[in-house]
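The first residue of the sequence shown is numbered 1, and numbering continues consecutively from there.
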Amino acid sequence: MKRLFVMLALAATAARADFHPRAINVFLSSGKSAVTLHGSATMHSIHFELAGRADWMKLRDTDVGVALTYSEVRQPQLLFPPEGGGAKDDVRAESAYFFGRKRWTRWSSIEPYVDIGSGPMWSNRRVPAATSRLNMNSQAGFGAILFARSRMPLHVGYRFSHISNGGTTGRNPGLQVHQAIIGVRVKRLH
């Protein structure tokens, strides 16, 4: 219920008239899940995000927005092999998530940040195996924006992703992925 409330609050922020887009960012991320009895999964993603501020939140140096993501997941299939066999299953997934990002802007060229977000994820195969094609992808991370005052600041950081169907099917083991993330602001909006 808390996750739904946070997601609805972030969606309402993006939909309000006092949302002011400030930047279009592009991120690349790559990560791996912990090794389990079945092995580990890898995930590589590209994220396109629209970030801005919402005046009604009255939070200094906080961005909110929406991101669209394309991911490639390679997951173990030892107990639930895909049709055609094989120990690994390659999955393509798209997701959209709402996020909030708190930045600390006291330093002129480096801005540390933390972010959190969540949203739906749809995949061409079940993720994790034998669960569901429709999931929620909830994320939390931290990092730094380098060259923050430049035309194309560089974002580097860590992100933890939890992919789960929230118990909507009989099985819900979830997939936890630790990722390194790097990105740039490709366009500044006024």
Between Phe27 and His155, how do the two ring planes meet: parallel, tilted or perpendicular, split at 30° and 60°? perpendicular
Could you pull out the closest heavy-atom pair between Pro153 and Phe147, with the gap in Å? CB-O, 3.5 Å
Would you indicate whether the side-chain heavy atoms of Arg125 and Val127 approach each other to under 4.5 Å? no
If only side-chain N and O atoms count, and only distance matters, is there a donor-acceptor pair under 3.5 Å linking Arg159 with Gln139? yes
Val64 and Arg53 have their tightest heavy-atom pair at CG2-C, 4.5 Å
Could you give the distance from CG (Asp90) to OG1 (Thr42), rounded to the nearest 0.5 Å? 8.0 Å
Could you check Glu49 against Arg101 for salt bridge (Lys or Arg N to Asp or Glu O under 4.0 Å), going step by step and ending with a plain yes or no? CA-CA 12 Å; Glu49 83 177 24; Arg101 180 176 297 127; 2.8 Å; yes
Same apolar cluster: Leu146 and Val26, side chain cutoff 4.5 Å: yes
Linking I/L/V/M/F/W/Y whenever any side-chain heavy atoms sit under 4.5 Å apart, do Tyr70 and Phe48 land together? yes
Pairwise side-chain contact, Val156 with Ile181, heavy-atom cut-off 4.5 Å (strictly under): no
Any side-chain heavy-atom pair of Leu154 and Ile145 under 4.5 Å: no
Kindly say whether Ser150 contributes a backbone atom to a donor-acceptor pair with the side chain of Arg185 at under 3.5 angstrom? yes
Which atoms form the tightest heavy-atom contact between Met43 and Ser161, and what is the distance? CE-OG, 4.5 Å
Are any non-hydrogen side-chain atoms of Gln176 and Ser33 less than 4.5 angstrom apart? no
Please lay out, stage by stage, how Val184 and Asn25 fare under the test side-chain contact (heavy atoms from CB on, under 4.5 Å). CA-CA 6 Å; Val184 296; Asn25 301 318; over 6 Å; no
Rounded to the nearest 0.5 Å, how far does CZ of Arg151 lie from NZ of Lys187? 9.5 Å
Do Glu94 and Thr69 get their side chains close enough for a donor-acceptor pair, meaning under 3.5 Å? no
Whether Arg74 side chain and Ala41 backbone form a donor-acceptor pair below 3.5 Å: no
Side chain Asp115, main chain Gly141, donor-acceptor under 3.5 Å: yes
Would you say Val66 and Leu189 are hydrophobically clustered, going by side-chain heavy atoms of ILVMFWY under 4.5 Å? yes
Given Arg149 and Glu111, is the salt bridge (Lys or Arg N to Asp or Glu O under 4.0 Å) satisfied, shown in steps? CA-CA 10 Å; Arg149 307 288 179 254; Glu111 292 182 2; 2.5 Å; yes
Heavy atoms of Gly31 and Val177 approach each other most closely as C-CG1, 3.8 Å
Checking Asn137 side chain against Gly119 main chain: does a donor-acceptor pair fall under 3.5 Å? no
Is there a side-chain contact between Arg92 and Ser71 in this structure, where contact means two heavy atoms from C-beta onward sitting under 4.5 Å apart? no
For Tyr113, is the NZ or CZ atom of Arg103 found under 6.0 angstrom from the centre of its six-membered ring and inside 45 degrees of the ring axis? no
Between His162 and Ser138, a side-chain donor and acceptor under 3.5 Å: no
Look only at the side chain of Ser132 and the backbone of Leu134, and say whether a donor-acceptor pair between them is shorter than 3.5 Å. yes
side-chain contact (heavy atoms from CB on, under 4.5 Å) between Trp104 and Ile110, worked out: CA-CA 9 Å; Trp104 284 270; Ile110 298 175; over 6 Å; no
Check the pair Ser123, Arg133 against side-chain contact (heavy atoms from CB on, under 4.5 Å), reporting the backbone distance first and the verdict last. CA-CA 5 Å; Ser123 56; Arg133 292 173 53 183; 4.2 Å; yes
Rounded to the nearest 0.5 Å, what separates atom OG1 in Thr131 from atom CD in Gln75? 7.5 Å
Under 3.5 Å side-chain donor-acceptor pair for Ser164 and Asn135: no
For Gln179 and Phe160: C-alpha separation, side-chain torsions, deciding distance, then whether side-chain contact (heavy atoms from CB on, under 4.5 Å) applies. CA-CA 6 Å; Gln179 303 174 73; Phe160 173 79; over 6 Å; no
Give the cluster check for Val186 versus Ile182: same hydrophobic cluster or not, with ILVMFWY residues linked at side-chain heavy-atom distances below 4.5 Å. yes
Strictly by modelled atom types, are His47 and Ser29 linked by a side-chain donor-acceptor pair under 3.5 Å? yes
